Engineer: 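To start, I am sharing the structure in question, which I have written as structure tokens.
Nothing here was measured: the structure is a model prediction, and the numbers come from that model.
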Amino acid sequence: MRIGIALAAFLAASGTAFAAASPGNPATGKMLAEQWCASCHLVSPEQKSATTEAPPFQGIAGRSPSELEKLPTFLAAPHPPMPAINLSSAEIRDLVAYITSLKAP
């Protein structure tokens with residue numbers, strides 16, 4: 001038991017704690033959104049148009065907390081008509097952080 005606690009403390013102190021626990025970076029998420037998502041979605045307030053009926057990111061950000069909790073899983077294995085863009089776990093965290101940053105106060 002003490003070894004497990006010591007190991008957890010060491011990992012947390014060394015910055016190698018589980019990646020899933022680390023928050024995403026909204027600025028990086030915005031860059032990813034502009035690169036991969038902007039052709040279909042309105043990804044930022046500055047963007048004027050998109051080419052499909054895909055929901056705008058601000059609309060996604062306004063969804064219920066239970067729906068937003070499912071967003072990382074959806075992005076890991078998107079359903080058609082979304083293309084499979086094969087985002088890494090870190091990229092998914094960044095993209096979700098950006099989307100949730102758009103939620104109206």
Engineer: Can Arg63 and Glu69 be counted as an ion pair, charged N to O under 4.0 angstrom?
Structural biologist: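 No.
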Engineer: What is the minimum heavy-atom distance between Cys40 and Ala50, and which atoms define it?
Structural biologist: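 Heavy atoms only, the tightest pair is O-CB, 3.1 Å.
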Engineer: Do you know the tightest heavy-atom contact between Pro83 and Pro78?
Structural biologist: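 Closest approach of Pro83 to Pro78: O-CG, 3.5 Å.
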Engineer: Following the transitive rule for hydrophobic clusters with a side-chain heavy-atom cut-off under 4.5 Å over Ile, Leu, Val, Met, Phe, Trp and Tyr, establish whether Met31 and Val96 coincide in one cluster.
Structural biologist: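 Per the 4.5 Å side-chain linkage, Met31 and Val96 are not co-clustered.
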Engineer: If I take atom OG from residue Ser44 and atom NZ from residue Lys30, how far apart are they, to the nearest 0.5 angstrom?
Structural biologist: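 Ser44 atom OG to Lys30 atom NZ measures 5.0 Å (nearest 0.5 Å).
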Engineer: If you take all heavy atoms of Leu75 and Met82, which pair is closest and at what distance?
Structural biologist: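 Looks like CD2-CE, 4.3 Å.
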Engineer: Between Tyr98 and Val43 (side chain of the first, backbone of the second, donor and acceptor by atom type, cut-off under 3.5 Å), is there such a pair?
Structural biologist: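 Checking the backbone N and O of Val43 against the side chain of Tyr98, a donor-acceptor pair under 3.5 Å is found.
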Engineer: Could you check whether any side-chain N or O of Ser101 sits under 3.5 Å from a backbone N or O of Pro26, counting only pairs where one atom can act as donor and the other as acceptor?
Structural biologist: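 It does not hold such a pair.
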Engineer: If we ignore hydrogens and angles and just use 3.5 Å, is the side chain of Asp94 paired with the main-chain N or O of Asn25 as donor and acceptor?
Structural biologist: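 Flag set: sc Asp94 to bb Asn25 pair under 3.5 Å.
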Engineer: Before you tell me yes or no, could you show the steps for Cys37 and Leu32 under side chain to side chain contact (heavy atoms under 4.5 Å, CB included), namely the whole-Å CA-CA distance, both residues' side-chain angles and the distance that decides it to 0.1 Å?
Structural biologist: CA-CA 8 Å; Cys37 311; Leu32 289 167; over 6 Å; no
Engineer: Mark yes when over 12 heavy atoms from residues, nucleotides or ligands other than Lys103 sit less than 6.0 Å from its NZ; otherwise mark no.
Structural biologist: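 Correct, the count exceeds 12.
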Engineer: Evaluate the side-chain proximity of His41 to Pro55: yes if any heavy-atom separation is below 4.5 Å, no if none is.
Structural biologist: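 Of all side-chain heavy-atom pairs linking His41 with Pro55, at least one is under 4.5 Å.
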Engineer: Show the nearest heavy-atom pair for residues Leu102 and Ala61, with the distance to one decimal.
Structural biologist: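 What the structure gives for the nearest pair is C-CB, 3.8 Å.
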Engineer: How long is the span from the CD atom in Gln35 to the CG atom in Leu95, to the nearest 0.5 Å?
Structural biologist: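 Reported to 0.5 Å precision, the distance equals 11.0 Å.
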Engineer: Leu68 and Thr100: which non-hydrogen atoms are nearest, and at how many Å?
Structural biologist: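 What the structure gives for the nearest pair is CD1-CG2, 4.3 Å.
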Engineer: How close do Gln47 and Ala38 get, counting heavy atoms only, and between which atoms?
Structural biologist: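 Minimum heavy-atom contact is NE2-O, 2.9 Å.
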